[in-house]
Amino acid sequence: MVSKSEEEQLNRLESQVENGGGGAWEYLCLIRKLKIRRSDNVLKYGLTILNDPKKRSSIGNDEWTLYEQVAIAALDCHSYDVAKDCIKVLRKKFPESKRIARLEAMLLEAKGLWEEADKAYSSLLEDNPLDQATHKRRVAMAKAEGDILKAVEWLNKYLEIFMADHEAWRELAEIYVSLQMYKQAAFCYEELILSQPTVPLYHLSYADVLYTLGGLENLQTAKKYYASTIDLTGGKNTRALYGTCLCASAIAQLTKGGRNREDKENQDLHSLAVTALEKDYKKRAPSKLPLLTSTLRSLKLSS
Amino acid sequence: MRYEIGQNAYIKLVLHALKHKISAVNGVLVGRYSSGDGDGEVVEISEAIPLFHSLQIGLLPSLEIALLQIEEYYGSQGLNLVGYFHANERFDDYELNNVAKNIGDHIYRYFPQAAILLLDNKKLAALPKGKDHSPVMQLYTRDASKNWKLVGSEGSSSLITKEPTANIVLLDYVSSQKWQDIVDFDDHLDDISKDWLNPRLFE
(Lines give C-alpha, C1' and ligand atoms only; values in the text may rest on other atoms or scores of the structure.)
Protein backbone atom coordinates (compact mmCIF):
# COMPACT_ATOMS: atom_id res chain seq x y z
CA MET A 1 0.00 0.00 0.00
CA VAL A 2 1.32 3.37 -0.96
CA SER A 3 0.47 6.76 0.49
CA LYS A 4 -0.41 9.76 -1.64
CA SER A 5 2.86 11.55 -0.77
CA GLU A 6 4.90 8.46 -1.63
CA GLU A 7 3.15 8.21 -4.98
CA GLU A 8 3.76 11.91 -5.65
CA GLN A 9 7.44 11.50 -4.80
CA LEU A 10 7.65 8.60 -7.24
CA ASN A 11 5.90 10.54 -10.00
CA ARG A 12 8.26 13.49 -9.50
CA LEU A 13 11.27 11.20 -9.82
CA GLU A 14 9.72 9.58 -12.85
CA SER A 15 9.33 12.86 -14.74
CA GLN A 16 12.81 13.88 -13.68
CA VAL A 17 14.30 10.73 -15.21
CA GLU A 18 12.00 10.99 -18.23
CA ASN A 19 13.26 14.51 -18.92
CA GLY A 20 16.93 13.56 -18.71
CA GLY A 21 17.50 14.87 -15.21
CA GLY A 22 19.03 11.63 -13.93
CA GLY A 23 17.95 9.74 -10.81
CA ALA A 24 17.21 6.42 -12.49
CA TRP A 25 18.80 4.40 -9.69
CA GLU A 26 16.86 6.31 -6.99
CA TYR A 27 13.67 5.72 -8.99
CA LEU A 28 14.34 1.99 -9.29
CA CYS A 29 15.11 1.73 -5.56
CA LEU A 30 11.89 3.55 -4.68
CA ILE A 31 9.87 1.26 -6.95
CA ARG A 32 11.41 -1.74 -5.16
CA LYS A 33 10.71 -0.27 -1.75
CA LEU A 34 7.08 0.65 -2.50
CA LYS A 35 6.49 -2.53 -4.52
CA ILE A 36 4.77 -0.62 -7.31
CA ARG A 37 4.25 -2.11 -10.72
CA ARG A 38 5.61 0.17 -13.47
CA SER A 39 7.35 -2.42 -15.51
CA ASP A 40 7.76 -0.46 -18.75
CA ASN A 41 9.76 2.24 -16.96
CA VAL A 42 11.71 -0.23 -14.82
CA LEU A 43 12.71 -2.06 -17.97
CA LYS A 44 13.68 1.12 -19.80
CA TYR A 45 15.65 2.79 -17.01
CA GLY A 46 17.05 -0.46 -15.61
CA LEU A 47 18.57 -1.38 -18.94
CA THR A 48 20.24 2.03 -19.27
CA ILE A 49 22.15 1.20 -16.11
CA LEU A 50 22.81 -2.47 -16.83
CA ASN A 51 24.03 -1.85 -20.37
CA ASP A 52 26.57 0.73 -19.23
CA PRO A 53 29.59 -0.85 -17.47
CA LYS A 54 30.45 2.40 -15.66
CA LYS A 55 26.92 2.84 -14.31
CA ARG A 56 26.80 -0.83 -13.37
CA SER A 57 29.98 -0.68 -11.32
CA SER A 58 28.79 2.48 -9.59
CA ILE A 59 25.98 0.53 -7.91
CA GLY A 60 28.36 -2.22 -6.73
CA ASN A 61 26.73 -5.36 -5.38
CA ASP A 62 23.25 -3.96 -5.95
CA GLU A 63 23.88 -4.90 -9.58
CA TRP A 64 22.44 -8.36 -8.91
CA THR A 65 19.28 -6.97 -7.32
CA LEU A 66 18.87 -4.80 -10.38
CA TYR A 67 19.27 -7.77 -12.74
CA GLU A 68 16.47 -9.50 -10.85
CA GLN A 69 14.27 -6.39 -10.88
CA VAL A 70 14.77 -5.88 -14.61
CA ALA A 71 14.20 -9.58 -15.34
CA ILE A 72 10.80 -9.46 -13.67
CA ALA A 73 9.89 -6.18 -15.40
CA ALA A 74 10.94 -7.71 -18.71
CA LEU A 75 8.61 -10.67 -18.09
CA ASP A 76 5.77 -8.24 -17.38
CA CYS A 77 6.45 -6.47 -20.68
CA HIS A 78 6.77 -9.67 -22.72
CA SER A 79 10.47 -8.99 -23.39
CA TYR A 80 11.44 -12.61 -22.91
CA ASP A 81 14.90 -12.28 -24.45
CA VAL A 82 15.88 -9.52 -22.04
CA ALA A 83 14.55 -11.59 -19.15
CA LYS A 84 16.46 -14.65 -20.33
CA ASP A 85 19.68 -12.66 -20.60
CA CYS A 86 19.32 -11.21 -17.11
CA ILE A 87 18.57 -14.64 -15.68
CA LYS A 88 21.61 -16.09 -17.45
CA VAL A 89 23.87 -13.47 -15.87
CA LEU A 90 22.38 -14.17 -12.45
CA ARG A 91 22.69 -17.94 -12.91
CA LYS A 92 26.39 -17.56 -13.69
CA LYS A 93 26.96 -15.53 -10.53
CA PHE A 94 24.75 -17.65 -8.23
CA PRO A 95 24.75 -21.20 -9.66
CA GLU A 96 22.97 -22.86 -6.73
CA SER A 97 20.36 -20.23 -6.04
CA LYS A 98 16.73 -21.20 -5.49
CA ARG A 99 15.72 -17.60 -5.98
CA ILE A 100 16.99 -17.75 -9.54
CA ALA A 101 15.31 -21.13 -10.06
CA ARG A 102 12.09 -19.32 -9.22
CA LEU A 103 12.88 -16.65 -11.82
CA GLU A 104 13.42 -19.37 -14.39
CA ALA A 105 10.03 -20.83 -13.48
CA MET A 106 8.52 -17.35 -13.83
CA LEU A 107 9.89 -17.17 -17.35
CA LEU A 108 8.01 -20.37 -18.17
CA GLU A 109 4.90 -18.94 -16.54
CA ALA A 110 5.16 -15.66 -18.47
CA LYS A 111 5.37 -17.58 -21.74
CA GLY A 112 2.16 -19.41 -20.83
CA LEU A 113 3.89 -22.78 -20.39
CA TRP A 114 1.69 -23.57 -17.43
CA GLU A 115 2.55 -27.24 -16.94
CA GLU A 116 6.29 -26.75 -17.02
CA ALA A 117 6.04 -23.77 -14.69
CA ASP A 118 3.80 -25.72 -12.33
CA LYS A 119 6.34 -28.57 -12.24
CA ALA A 120 9.12 -26.12 -11.50
CA TYR A 121 7.18 -24.39 -8.71
CA SER A 122 6.08 -27.68 -7.17
CA SER A 123 9.62 -29.01 -7.07
CA LEU A 124 10.82 -25.77 -5.46
CA LEU A 125 8.10 -26.17 -2.83
CA GLU A 126 9.05 -29.80 -2.21
CA ASP A 127 12.54 -28.66 -1.30
CA ASN A 128 11.28 -25.72 0.70
CA PRO A 129 7.61 -25.87 1.71
CA LEU A 130 7.86 -22.51 3.48
CA ASP A 131 8.87 -20.58 0.37
CA GLN A 132 6.19 -17.88 0.47
CA ALA A 133 7.03 -16.27 -2.85
CA THR A 134 6.70 -19.55 -4.74
CA HIS A 135 3.37 -20.34 -3.06
CA LYS A 136 2.10 -16.98 -4.23
CA ARG A 137 3.41 -17.48 -7.75
CA ARG A 138 1.27 -20.59 -7.98
CA VAL A 139 -1.79 -18.61 -6.95
CA ALA A 140 -0.93 -15.91 -9.48
CA MET A 141 -0.50 -18.53 -12.17
CA ALA A 142 -3.90 -20.05 -11.42
CA LYS A 143 -5.37 -16.57 -11.80
CA ALA A 144 -3.55 -16.00 -15.08
CA GLU A 145 -4.82 -19.32 -16.43
CA GLY A 146 -8.34 -18.20 -15.59
CA ASP A 147 -8.85 -20.87 -12.92
CA ILE A 148 -10.03 -18.42 -10.31
CA LEU A 149 -11.48 -21.07 -8.00
CA LYS A 150 -8.16 -22.88 -7.85
CA ALA A 151 -6.50 -19.55 -7.04
CA VAL A 152 -8.97 -19.07 -4.18
CA GLU A 153 -8.36 -22.58 -2.88
CA TRP A 154 -4.59 -22.21 -2.90
CA LEU A 155 -4.67 -18.73 -1.46
CA ASN A 156 -6.81 -20.01 1.42
CA LYS A 157 -4.34 -22.84 2.03
CA TYR A 158 -1.49 -20.35 1.96
CA LEU A 159 -3.20 -18.13 4.51
CA GLU A 160 -3.71 -21.07 6.89
CA ILE A 161 0.06 -21.19 7.21
CA PHE A 162 1.03 -17.56 6.64
CA MET A 163 -1.90 -15.82 8.30
CA ALA A 164 0.05 -12.64 8.92
CA ASP A 165 0.45 -11.89 5.21
CA HIS A 166 -1.75 -8.82 4.86
CA GLU A 167 -1.31 -8.42 1.15
CA ALA A 168 -2.51 -11.98 0.67
CA TRP A 169 -5.66 -11.30 2.71
CA ARG A 170 -6.29 -8.23 0.58
CA GLU A 171 -5.80 -10.19 -2.63
CA LEU A 172 -8.22 -12.85 -1.42
CA ALA A 173 -10.79 -10.21 -0.47
CA GLU A 174 -10.51 -8.64 -3.92
CA ILE A 175 -10.99 -11.98 -5.63
CA TYR A 176 -14.06 -12.69 -3.48
CA VAL A 177 -15.54 -9.29 -4.39
CA SER A 178 -15.00 -9.98 -8.09
CA LEU A 179 -16.87 -13.26 -7.59
CA GLN A 180 -19.60 -11.44 -5.63
CA MET A 181 -18.81 -13.62 -2.59
CA TYR A 182 -19.26 -10.68 -0.23
CA LYS A 183 -19.57 -12.60 3.04
CA GLN A 184 -16.21 -14.21 2.43
CA ALA A 185 -14.71 -10.86 1.46
CA ALA A 186 -16.05 -9.39 4.70
CA PHE A 187 -14.30 -12.14 6.66
CA CYS A 188 -10.97 -11.20 5.04
CA TYR A 189 -11.40 -7.55 5.99
CA GLU A 190 -12.31 -8.56 9.54
CA GLU A 191 -9.00 -10.44 9.77
CA LEU A 192 -7.17 -7.39 8.47
CA ILE A 193 -8.89 -4.98 10.84
CA LEU A 194 -8.14 -7.29 13.78
CA SER A 195 -4.44 -7.40 12.99
CA GLN A 196 -4.02 -3.80 11.81
CA PRO A 197 -6.84 -1.78 13.39
CA THR A 198 -5.47 1.64 12.46
CA VAL A 199 -5.30 1.17 8.71
CA PRO A 200 -8.26 3.15 7.31
CA LEU A 201 -8.33 1.31 3.98
CA TYR A 202 -9.52 -1.89 5.66
CA HIS A 203 -12.31 -0.08 7.53
CA LEU A 204 -13.42 1.54 4.28
CA SER A 205 -13.38 -1.65 2.21
CA TYR A 206 -15.17 -3.53 4.98
CA ALA A 207 -17.88 -0.87 5.07
CA ASP A 208 -18.21 -1.00 1.25
CA VAL A 209 -18.66 -4.78 1.35
CA LEU A 210 -21.22 -4.62 4.17
CA TYR A 211 -23.20 -1.95 2.33
CA THR A 212 -23.17 -4.13 -0.78
CA LEU A 213 -24.44 -7.10 1.25
CA GLY A 214 -27.29 -4.95 2.51
CA GLY A 215 -29.84 -5.54 5.25
CA LEU A 216 -30.35 -3.33 8.26
CA GLU A 217 -27.68 -4.86 10.50
CA ASN A 218 -25.00 -4.73 7.81
CA LEU A 219 -25.91 -1.14 6.95
CA GLN A 220 -25.62 -0.09 10.58
CA THR A 221 -22.24 -1.77 10.91
CA ALA A 222 -21.14 -0.25 7.59
CA LYS A 223 -22.05 3.16 8.91
CA LYS A 224 -19.85 2.57 11.96
CA TYR A 225 -16.90 1.62 9.78
CA TYR A 226 -17.37 4.59 7.46
CA ALA A 227 -17.31 6.65 10.66
CA SER A 228 -14.10 5.02 11.87
CA THR A 229 -12.56 5.62 8.44
CA ILE A 230 -13.45 9.29 8.72
CA ASP A 231 -11.94 9.31 12.19
CA LEU A 232 -8.71 7.62 11.08
CA THR A 233 -8.31 9.94 8.08
CA GLY A 234 -9.10 13.19 9.86
CA GLY A 235 -12.32 13.60 7.89
CA LYS A 236 -10.56 13.73 4.57
CA ASN A 237 -11.85 10.55 2.97
CA THR A 238 -14.41 11.36 0.27
CA ARG A 239 -15.52 7.74 -0.15
CA ALA A 240 -16.26 7.37 3.56
CA LEU A 241 -18.25 10.62 3.60
CA TYR A 242 -20.33 9.49 0.63
CA GLY A 243 -20.70 6.07 2.26
CA THR A 244 -22.09 7.68 5.40
CA CYS A 245 -24.75 9.49 3.36
CA LEU A 246 -25.68 6.31 1.50
CA CYS A 247 -25.98 4.34 4.74
CA ALA A 248 -28.01 7.01 6.48
CA SER A 249 -30.41 7.13 3.55
CA ALA A 250 -30.72 3.35 3.24
CA ILE A 251 -31.18 2.88 7.00
CA ALA A 252 -33.83 5.57 7.15
CA GLN A 253 -35.71 3.83 4.38
CA LEU A 254 -35.62 0.51 6.20
CA THR A 255 -36.63 1.93 9.57
CA LYS A 256 -39.50 4.18 8.51
CA GLY A 257 -41.57 4.88 11.58
CA GLY A 258 -38.96 3.26 13.78
CA ARG A 259 -37.15 4.20 16.98
CA ASN A 260 -36.63 7.91 17.41
CA ARG A 261 -33.29 8.24 19.17
CA GLU A 262 -31.37 6.36 16.50
CA ASP A 263 -33.20 8.27 13.78
CA LYS A 264 -31.95 11.53 15.25
CA GLU A 265 -28.37 10.24 15.46
CA ASN A 266 -28.67 8.96 11.91
CA GLN A 267 -29.79 12.35 10.68
CA ASP A 268 -27.03 14.16 12.56
CA LEU A 269 -24.34 11.97 11.07
CA HIS A 270 -25.89 12.41 7.63
CA SER A 271 -25.91 16.21 7.94
CA LEU A 272 -22.33 16.28 9.15
CA ALA A 273 -21.18 14.20 6.19
CA VAL A 274 -23.15 16.37 3.77
CA THR A 275 -21.62 19.53 5.20
CA ALA A 276 -18.11 18.10 5.01
CA LEU A 277 -18.59 17.03 1.38
CA GLU A 278 -20.06 20.36 0.32
CA LYS A 279 -17.23 22.24 2.00
CA ASP A 280 -14.63 20.13 0.24
CA TYR A 281 -16.28 20.34 -3.18
CA LYS A 282 -16.70 24.10 -2.81
CA LYS A 283 -12.96 24.39 -2.24
CA ARG A 284 -11.56 21.81 -4.66
CA ALA A 285 -14.22 21.00 -7.26
CA PRO A 286 -16.55 24.02 -7.38
CA SER A 287 -17.90 23.17 -10.83
CA LYS A 288 -19.27 19.95 -9.41
CA LEU A 289 -20.85 21.51 -6.32
CA PRO A 290 -24.39 21.98 -7.75
CA LEU A 291 -24.39 18.37 -8.95
CA LEU A 292 -23.21 17.17 -5.54
CA THR A 293 -25.85 19.16 -3.72
CA SER A 294 -28.71 17.82 -5.78
CA THR A 295 -27.37 14.24 -5.59
CA LEU A 296 -27.19 14.41 -1.79
CA ARG A 297 -30.61 16.01 -1.67
CA SER A 298 -32.10 13.19 -3.72
CA LEU A 299 -30.52 10.74 -1.25
CA LYS A 300 -32.17 12.59 1.62
CA LEU A 301 -35.55 12.68 -0.15
CA SER A 302 -35.50 8.95 -0.69
CA SER A 303 -35.02 8.49 3.05
CA MET B 1 -31.29 -2.49 -33.65
CA ARG B 2 -28.30 -0.40 -34.62
CA TYR B 3 -25.98 0.79 -31.86
CA GLU B 4 -23.99 3.77 -33.01
CA ILE B 5 -21.19 4.87 -30.73
CA GLY B 6 -19.71 8.33 -31.11
CA GLN B 7 -15.97 8.59 -31.66
CA ASN B 8 -15.22 10.44 -28.42
CA ALA B 9 -17.17 7.96 -26.31
CA TYR B 10 -15.54 5.01 -28.07
CA ILE B 11 -12.01 6.32 -27.73
CA LYS B 12 -12.50 7.28 -24.08
CA LEU B 13 -13.52 3.73 -23.18
CA VAL B 14 -10.58 2.09 -24.93
CA LEU B 15 -8.06 4.59 -23.55
CA HIS B 16 -9.43 3.95 -20.06
CA ALA B 17 -8.82 0.22 -20.48
CA LEU B 18 -5.30 0.91 -21.76
CA LYS B 19 -4.51 3.16 -18.82
CA HIS B 20 -5.25 0.32 -16.42
CA LYS B 21 -3.79 -2.66 -18.24
CA ILE B 22 -3.45 -4.83 -15.15
CA SER B 23 -7.03 -4.65 -13.93
CA ALA B 24 -10.59 -4.82 -15.11
CA VAL B 25 -12.27 -1.51 -15.90
CA ASN B 26 -15.83 -0.44 -16.47
CA GLY B 27 -17.88 2.51 -17.60
CA VAL B 28 -21.39 3.56 -18.54
CA LEU B 29 -22.82 4.65 -21.86
CA VAL B 30 -25.08 7.64 -22.24
CA GLY B 31 -27.23 8.56 -25.18
CA ARG B 32 -30.72 8.21 -26.59
CA TYR B 33 -32.97 5.98 -28.62
CA SER B 34 -34.20 7.12 -31.96
CA SER B 35 -36.79 5.38 -34.05
CA GLY B 36 -34.91 6.63 -37.09
CA ASP B 37 -36.97 8.13 -39.93
CA GLY B 38 -36.85 5.46 -42.57
CA ASP B 39 -33.31 4.82 -41.45
CA GLY B 40 -34.31 2.27 -38.88
CA GLU B 41 -34.14 2.20 -35.10
CA VAL B 42 -30.89 3.28 -33.57
CA VAL B 43 -29.44 3.75 -30.12
CA GLU B 44 -27.08 6.70 -30.29
CA ILE B 45 -24.29 6.35 -27.74
CA SER B 46 -23.06 9.91 -27.56
CA GLU B 47 -21.06 9.79 -24.35
CA ALA B 48 -19.16 7.38 -22.15
CA ILE B 49 -18.10 7.84 -18.56
CA PRO B 50 -15.20 5.69 -17.33
CA LEU B 51 -16.05 4.49 -13.84
CA PHE B 52 -13.65 2.22 -11.96
CA HIS B 53 -10.41 0.29 -12.24
CA SER B 54 -10.28 -1.27 -8.79
CA LEU B 55 -12.23 -3.57 -6.55
CA GLN B 56 -14.92 -0.89 -6.65
CA ILE B 57 -16.18 -2.66 -9.76
CA GLY B 58 -17.90 -5.28 -7.63
CA LEU B 59 -19.11 -2.97 -4.87
CA LEU B 60 -22.24 -0.85 -4.63
CA PRO B 61 -21.52 2.43 -2.83
CA SER B 62 -19.30 4.16 -5.41
CA LEU B 63 -21.43 2.80 -8.25
CA GLU B 64 -24.60 4.26 -6.73
CA ILE B 65 -23.01 7.67 -6.24
CA ALA B 66 -21.61 7.63 -9.76
CA LEU B 67 -24.93 6.65 -11.37
CA LEU B 68 -26.85 9.27 -9.38
CA GLN B 69 -24.51 12.02 -10.55
CA ILE B 70 -24.32 10.80 -14.13
CA GLU B 71 -28.09 10.45 -14.49
CA GLU B 72 -28.60 13.89 -12.96
CA TYR B 73 -26.01 15.57 -15.17
CA TYR B 74 -27.06 14.03 -18.48
CA GLY B 75 -30.75 13.92 -17.66
CA SER B 76 -30.82 17.69 -17.88
CA GLN B 77 -29.53 17.33 -21.46
CA GLY B 78 -32.25 14.87 -22.40
CA LEU B 79 -29.85 11.93 -22.41
CA ASN B 80 -30.11 8.74 -20.39
CA LEU B 81 -28.11 5.67 -19.47
CA VAL B 82 -28.18 3.37 -22.47
CA GLY B 83 -25.57 0.77 -21.65
CA TYR B 84 -22.49 -0.47 -19.85
CA PHE B 85 -18.89 -1.10 -20.85
CA HIS B 86 -16.59 -3.70 -19.34
CA ALA B 87 -13.01 -4.75 -19.98
CA ASN B 88 -11.83 -7.96 -18.31
CA GLU B 89 -8.57 -8.24 -16.43
CA ARG B 90 -7.11 -10.98 -18.61
CA PHE B 91 -6.28 -10.68 -22.30
CA ASP B 92 -8.11 -13.81 -23.42
CA ASP B 93 -11.07 -13.62 -21.08
CA TYR B 94 -14.21 -13.22 -23.19
CA GLU B 95 -16.66 -14.05 -20.47
CA LEU B 96 -19.25 -11.54 -19.33
CA ASN B 97 -19.14 -11.84 -15.57
CA ASN B 98 -22.04 -11.46 -13.14
CA VAL B 99 -21.09 -7.98 -12.01
CA ALA B 100 -21.36 -6.78 -15.60
CA LYS B 101 -24.67 -8.56 -16.08
CA ASN B 102 -26.09 -7.13 -12.85
CA ILE B 103 -25.23 -3.58 -13.81
CA GLY B 104 -26.58 -4.25 -17.28
CA ASP B 105 -29.81 -5.52 -15.75
CA HIS B 106 -30.14 -2.35 -13.68
CA ILE B 107 -29.77 -0.14 -16.76
CA TYR B 108 -32.14 -2.38 -18.72
CA ARG B 109 -34.89 -1.72 -16.17
CA TYR B 110 -35.01 1.90 -17.27
CA PHE B 111 -33.90 1.48 -20.88
CA PRO B 112 -35.06 -1.74 -22.57
CA GLN B 113 -32.69 -1.40 -25.52
CA ALA B 114 -29.69 -1.36 -23.16
CA ALA B 115 -26.45 -2.83 -24.44
CA ILE B 116 -23.32 -4.20 -22.80
CA LEU B 117 -20.05 -3.68 -24.62
CA LEU B 118 -17.11 -5.94 -23.81
CA LEU B 119 -13.60 -4.96 -24.87
CA ASP B 120 -12.19 -7.35 -27.48
CA ASN B 121 -8.50 -7.42 -26.57
CA LYS B 122 -7.38 -9.51 -29.52
CA LYS B 123 -9.11 -7.17 -31.94
CA LEU B 124 -7.53 -4.18 -30.22
CA ALA B 125 -4.07 -5.75 -30.42
CA ALA B 126 -4.57 -6.43 -34.13
CA LEU B 127 -5.70 -2.89 -34.96
CA PRO B 128 -2.34 -1.44 -36.03
CA LYS B 129 -1.86 -4.25 -38.53
CA GLY B 130 -5.19 -4.14 -40.32
CA LYS B 131 -7.63 -1.65 -41.72
CA ASP B 132 -10.55 -2.67 -39.57
CA HIS B 133 -13.18 0.04 -39.16
CA SER B 134 -15.38 -1.95 -36.82
CA PRO B 135 -15.25 -1.20 -33.10
CA VAL B 136 -12.93 -3.33 -30.94
CA MET B 137 -15.82 -4.35 -28.72
CA GLN B 138 -18.33 -7.14 -28.51
CA LEU B 139 -22.01 -6.26 -28.30
CA TYR B 140 -24.37 -7.99 -25.87
CA THR B 141 -28.12 -7.44 -25.71
CA ARG B 142 -30.83 -9.03 -23.61
CA ASP B 143 -32.94 -11.70 -25.25
CA ALA B 144 -36.49 -12.76 -24.51
CA SER B 145 -35.39 -15.08 -21.70
CA LYS B 146 -33.65 -12.18 -19.91
CA ASN B 147 -30.13 -13.40 -20.71
CA TRP B 148 -27.35 -11.28 -22.07
CA LYS B 149 -26.40 -12.74 -25.44
CA LEU B 150 -23.43 -11.96 -27.65
CA VAL B 151 -24.58 -10.43 -30.91
CA GLY B 152 -22.87 -12.12 -33.83
CA SER B 153 -22.25 -10.70 -37.26
CA GLU B 154 -25.44 -12.27 -38.60
CA GLY B 155 -27.50 -11.01 -35.68
CA SER B 156 -30.32 -8.54 -35.99
CA SER B 157 -28.35 -5.92 -34.05
CA SER B 158 -25.03 -4.29 -34.82
CA LEU B 159 -22.50 -1.96 -33.31
CA ILE B 160 -20.75 0.65 -35.42
CA THR B 161 -18.79 3.76 -34.74
CA LYS B 162 -20.56 6.90 -35.86
CA GLU B 163 -17.42 8.24 -37.52
CA PRO B 164 -15.73 5.66 -39.81
CA THR B 165 -12.31 7.06 -38.94
CA ALA B 166 -12.68 6.28 -35.24
CA ASN B 167 -10.06 3.50 -35.22
CA ILE B 168 -7.51 5.66 -37.01
CA VAL B 169 -7.96 8.43 -34.46
CA LEU B 170 -7.79 5.85 -31.69
CA LEU B 171 -4.47 4.47 -32.93
CA ASP B 172 -3.12 7.99 -33.05
CA TYR B 173 -4.03 8.58 -29.41
CA VAL B 174 -2.62 5.21 -28.43
CA SER B 175 0.77 5.99 -29.93
CA SER B 176 0.86 9.32 -28.11
CA GLN B 177 -0.08 7.55 -24.85
CA LYS B 178 -3.12 9.79 -24.47
CA TRP B 179 -4.55 7.35 -21.93
CA GLN B 180 -2.52 9.06 -19.24
CA ASP B 181 -4.98 11.97 -19.33
CA ILE B 182 -8.11 9.91 -18.73
CA VAL B 183 -9.88 10.51 -15.43
CA ASP B 184 -12.41 8.00 -14.13
CA PHE B 185 -14.78 8.05 -11.17
CA ASP B 186 -12.25 6.17 -9.02
CA ASP B 187 -9.72 8.96 -9.68
CA HIS B 188 -12.34 11.56 -8.80
CA LEU B 189 -13.13 9.86 -5.48
CA ASP B 190 -9.42 9.78 -4.66
CA ASP B 191 -9.03 13.44 -5.59
CA ILE B 192 -12.21 15.39 -6.23
CA SER B 193 -10.38 18.06 -8.19
CA LYS B 194 -10.10 15.49 -11.01
CA ASP B 195 -13.11 15.73 -13.30
CA TRP B 196 -14.75 12.46 -14.42
CA LEU B 197 -16.38 14.34 -17.29
CA ASN B 198 -12.94 14.68 -18.92
CA PRO B 199 -14.00 18.03 -20.41
CA ARG B 200 -10.69 18.93 -22.04
CA LEU B 201 -9.53 15.47 -23.07
CA PHE B 202 -9.87 15.94 -26.82
CA GLU B 203 -8.86 19.57 -27.05
Side-chain angles (χ1 to χ4, degrees), chain A residues 4 7 37 39-40 76 112 143-146 148 170-171 173-182 185 204-205 207-214 222 226 237-247 249-250 277 280-281 283-292 294-299 302, chain B residues 18 20-26 52-77 86 88-95 97-103 125 177 179-180 183 185-197 199-200:
Chain A
K4 211 172 185 178
E7 193 177 345
R37 189 176 177 178
S39 302
D40 36 15
D76 212 8
K143 241 186 133 181
E145 288 179 83
I148 198 88
R170 270 186 74 191
E171 174 70 21
E174 285 195 23
I175 296 178
Y176 278 139
V177 168
S178 73
L179 295 169
Q180 298 190 303
M181 294 167 70
Y182 300 117
L204 180 63
S205 300
D208 280 342
V209 169
L210 288 175
Y211 180 88
T212 307
L213 270 169
Y226 282 128
N237 193 302
T238 308
R239 293 172 196 265
L241 290 167
Y242 270 126
T244 306
C245 298
L246 286 169
C247 279
S249 167
L277 278 169
D280 202 19
Y281 268 76
K283 187 161 134 205
R284 300 195 294 141
S287 65
K288 290 269 178 308
L289 184 56
L291 193 56
L292 172 79
S294 60
T295 305
L296 294 178
R297 200 181 305 131
S298 72
L299 270 179
S302 66
Chain B
L18 287 171
H20 303 284
K21 292 186 179 79
I22 62 177
S23 66
V25 301
N26 65 358
F52 308 115
H53 56 269
S54 65
L55 91 132
Q56 292 302 321
I57 290 179
L59 296 173
L60 279 183
S62 316
L63 178 65
E64 288 185 8
I65 294 291
L67 291 181
L68 274 173
Q69 295 196 11
I70 293 168
E71 283 172 319
E72 172 96 27
Y73 181 81
Y74 287 103
S76 61
Q77 297 176 22
H86 195 95
N88 280 326
E89 190 179 28
R90 286 179 303 108
F91 181 79
D92 50 8
D93 185 0
Y94 282 88
E95 197 190 307
N97 68 14
N98 283 328
V99 173
K101 289 182 192 163
N102 288 153
I103 301 178
Q177 304 200 339
W179 62 71
Q180 290 168 355
V183 171
F185 216 85
D186 251 337
D187 299 327
H188 174 76
L189 289 173
D190 286 340
D191 176 356
I192 59 172
S193 65
K194 296 200 174 138
D195 194 346
W196 47 267
L197 283 169
R200 276 174 286 282

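Every chain is numbered from 1, with letters handed out A, B, ... down the list of sequences.
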[X] side chain vs [Y] backbone, donor-acceptor pair below 3.5 Å:
| X | Y | value |
| --- | --- | --- |
| Arg239(A) | Pro61(B) | no |
| Thr212(A) | Leu60(B) | yes |
| Tyr211(A) | Leu59(B) | no |

Heavy-atom contact with chain B under 4.5 Å, split by part of [X]:
| X | result |
| --- | --- |
| Ala222(A) | neither |
| Asp280(A) | both |
| Lys283(A) | neither |

- Message: Does this structure show an ion pair linking Asp191(B) with Arg284(A), if we count only N-O contacts that are shorter than 4.0 Å?
- Response: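 Looking at Asp191(B) and Arg284(A), the cut-off is met.
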
### Message
If you define the side chain from C-beta out and look only at heavy atoms, does anything of Ser178(A) sit under 4.5 Å from Val99(B)?
### Response
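No, their side chains stay 4.5 Å or more apart.
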
Under a 4.5 Å cut-off applied to non-hydrogen side-chain atoms, are Lys288(A) and Ile192(B) in contact?
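Of all side-chain heavy-atom pairs linking Ile192(B) with Lys288(A), none is under 4.5 Å.
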
Answer with side chain, backbone, both or neither: which region of [X] has an atom nearer than 4.5 Å to a non-hydrogen atom of chain A?
| X | answer |
| --- | --- |
| Asn98(B) | both |
| Glu71(B) | neither |
| Asp186(B) | both |
| Ile57(B) | neither |
| Asp190(B) | both |
| Glu64(B) | side chain |
| Gln56(B) | side chain |

Check: Between Gln180(A) and Asn97(B), do the side chains contain an N or O donor and an N or O acceptor separated by less than 3.5 Å?
Finding: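 Not at all, the side chains of Gln180(A) and Asn97(B) share no donor-acceptor pair under 3.5 Å.
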
Checklist entry - Do His188(B) and Tyr242(A) have ring centres separated by under 6.0 Å? => result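 Judged by ring-centre distance (under 6.0 Å), His188(B) and Tyr242(A) do not meet the cut-off.
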
